[in-house]
2 protein chains.
Amino acid sequence: MQRPSQSTSPGSRKGKPVSRQVLADHVYEELLESLMDGRLEPGATVSIDGTARDLDVSPTPVREALARLEHTGMVRRVALKGYRVAPVFTREDFAELMEARLAIEPVNARLACARLTPERLAQLEQAVTDLKTAPRGPSFAEFRDYLEADERFHRLIAEQTGNQFMVAAYAALGGQVQRFRLFGGVGITDAENAIAEHQAVLDAMATGDPETAAAAMADHVSKVRGRAIADAPEA
Amino acid sequence: MQRPSQSTSPGSRKGKPVSRQVLADHVYEELLESLMDGRLEPGATVSIDGTARDLDVSPTPVREALARLEHTGMVRRVALKGYRVAPVFTREDFAELMEARLAIEPVNARLACARLTPERLAQLEQAVTDLKTAPRGPSFAEFRDYLEADERFHRLIAEQTGNQFMVAAYAALGGQVQRFRLFGGVGITDAENAIAEHQAVLDAMATGDPETAAAAMADHVSKVRGRAIADAPEA
DNA sequence: CATGTTCAGATCCTATAGGGCAGCCTCCGG
DNA sequence: CCGGAGGCTGCCCTATAGGATCTGAACATG
């Protein structure tokens with residue numbers, strides 16, 4: 001067994017026991033990254049045994065990781081048939097996703113605004129800065145950082161609400177957004193507009209006016225929806 | 001192995017292949033019911049091996065079922081330590097939960113109102129009727145049906161939005177509500193008021209006015225919050 | 001009495017084995 | 001040429017075994 005067998009070195013006595021991981025956690029993260037990066041295309045089957053061979057583990061941790069992933073909507077499971085990557089978004093799916101974001105994200109912005117600390121504000125500013133400086137080339141590897149910064153901005157706002165349930169509700173949506181941008185045919189042609197809208201949200205939150213922040217977020221999500229529909233006229 | 005070995009009888013040729021289940025599904029439902037019913041109290045450890053012995057299965061399906069349950073927030077996992085039932089709600093947790101419901105459920109009511117069919121309306125009416133007729137005795141077994149009808153009413157509205165993401169967002173909250181009512185010290189002292197508010201939501205939806213329905217739902221959730229805080233003054 | 005140590009049981013975690021089912025390919029008879 | 005039977009392979013699902021780790025209690029020691 002190639003178990004890491006952590007802390008066999010007798011020297012580091014006070015080695016941080018921070019959230020020790022097990023194989024299933026690594027498999028989960030590996031699969032999640034593959035899904036986010038697009039290495040696993042929509043509709044592709046995710047074989048338990050095959051994944052286990054690829055990652056050089058037994059099927060048991062893979063099964064556990066996939067059971068968790070199923071709840072995120074990234075993969076779907078059919079009993080006795082196996083797992084497969086969730087199919088591509090239709091335009092209706094995208095409309096539903098944006099409808100849900102419109103219901104949740106402005107509320108997040110309002111709540112986050114009320115309990116904003118300088119430290120958290122700095123994190124948001126960093127995200128917007130990363131958004132501006134990230135390369136936006138045509139290949140995926142080139143705008144990977146852009147998407148990551150985008151998602152981070154929204155996730156930070158959700159976390160800053162301090163409301164665990166709003167975080168959970170957003171998490172049920174957040175992963176889907178990035179996946180859609182990979183496979184929905186919508187690239188980042190809207191980068192300039194999106195950056196300006198993110199900046200507007202950030203400014204409103206820095207000002208400290210919750211209603212303005214909520215309005216800015218609603219405006220952003222609404223415009224993202226409009227641009228995506230315009231960019232991807234096909235099904 | 002006591003595998004069901006479905007359709008070994010040669011007679012039934014076209015036996016319906018209705019969503020074949022596996023052991024992990026049964027274990028999942030069994031654990032979920034135990035959690036909802038309160039047989040598993042908050043903070044109690046859920047041993048993988050022990051549960052496997054109780055249900056007379058091997059630990060593998062139990063592990064898969066618990067991995068799914070973890071994502072619902074009903075149980076928490078610590079690596080190399082095991083699973084335990086999520087702790088009791090604090091008053092802050094409850095306030096957060098109601099805040100999240102206030103953000104989501106009125107939107108659900110508005111969306112559901114727009115695409116209401118007679119059949120779906122009948123389902124909602126049935127839920128309200130069940131709410132009125134369900135016994136409301138002091139013991140859990142007596143108001144189990146009441147809680148079930150309550151949860152069903154809200155879930156139906158979420159499903160009637162036709163928006164899979166709103167359903168997912170609500171599902172992240174729905175289970176928590178029932179659990180809180182079991183352990184939060186709040187019984188169903190508010191039954192009469194709650195029934196009237198549900199009826200108001202139903203009437204508004206039947207009328208077909210989305211904004212009135214949303215307002216009625218917001219009013220209901222808001223008042224539930226107020227009553228719960230009044231009923232449970234302790235931590 | 002307080003404190004550190006040891007040990008045993010329970011538990012988690014992973015690997016491996018085997019049963020059963022579905023799809024695919026080949027082969028053969030019409 | 002074509003359709004079906006049969007074998008083969010891959011996969012899912014569950015059980016079982018064994019190593020690693022944690023917990024709690026008994027016990028020794030200052």
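Every heavy atom of this structure was used, including side-chain atoms; hydrogens, water molecules and symmetry mates were not. Sequence lines set the chain letters: A, B, ... in the order given, protein chains first and strands last, and positions in each chain run from 1.
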Sequence neighbours excluded, which residues qualify as side chain to side chain contact (heavy atoms under 4.5 Å, CB included) partners of B:Ala24? B:Val22, B:Pro61, B:Glu64, B:Arg68
What residues, two or more places apart in sequence or in another chain, satisfy ring pair (Phe, Tyr, Trp, His ring centres under 6.0 Å) together with A:His71? B:His71
Output yes when at least one side-chain N/O atom of [X] is less than 4.0 Å from OP1 or OP2 of [N], else no.
| X | N | result |
| --- | --- | --- |
| B:Ser58 | D:dA15 | yes |
| B:Arg53 | C:dT11 | yes |
| B:Arg63 | C:dC12 | no |

Tell me which pairs pass salt bridge (Lys or Arg N to Asp or Glu O under 4.0 Å) where either residue lies in residues 158-178 of chain A, with sequence neighbours left out. A:Arg155-A:Glu159
Are the side chains of A:Val177 and A:His154 in touch, meaning some heavy atoms are under 4.5 Å apart? no
Residue-level proximity of residues 39-52 of chain B to DNA chain C when a heavy atom falls under 4.0 Å: B:Val46, B:Ser47, B:Ile48, B:Asp49
Between [atom2] of [N] and [atom1] of [X], the distance in whole Å:
| X | N | atom1 | atom2 | value |
| --- | --- | --- | --- | --- |
| A:Leu55 | C:dT14 | CG | P | 13 Å |
| B:Leu80 | C:dC12 | CG | P | 10 Å |
| A:Arg84 | C:dA22 | CZ | C1' | 13 Å |
| B:Arg77 | C:dT11 | CZ | C1' | 14 Å |
| A:His26 | C:dT14 | NE2 | C1' | 13 Å |
| B:Tyr83 | D:dC22 | OH | P | 17 Å |

To the side chain of B:Thr60, which of D:dA15, C:dG23, D:dC13 is closest? D:dA15
Of the candidate nucleotides C:dG23, D:dA15, C:dT14, which contains the atom at the shortest distance from the side chain of A:Lys81? C:dG23
Determine all donor-acceptor pairs shorter than 3.5 Å in which one atom belongs to a side chain in residues 39-47 of chain A; sequence neighbours excluded.
from: A:Ser47; atom 1: OG; to: A:Asp49; atom 2: N; distance (Å): 3.4
from: A:Ser47; atom 1: OG; to: A:Gly50; atom 2: N; distance (Å): 2.9

Kindly write out the residues that satisfy salt bridge (charged side-chain N to carboxylate O under 4.0 Å, His left out) with B:Glu70, not counting sequence neighbours, or none if the list is empty. B:Arg77
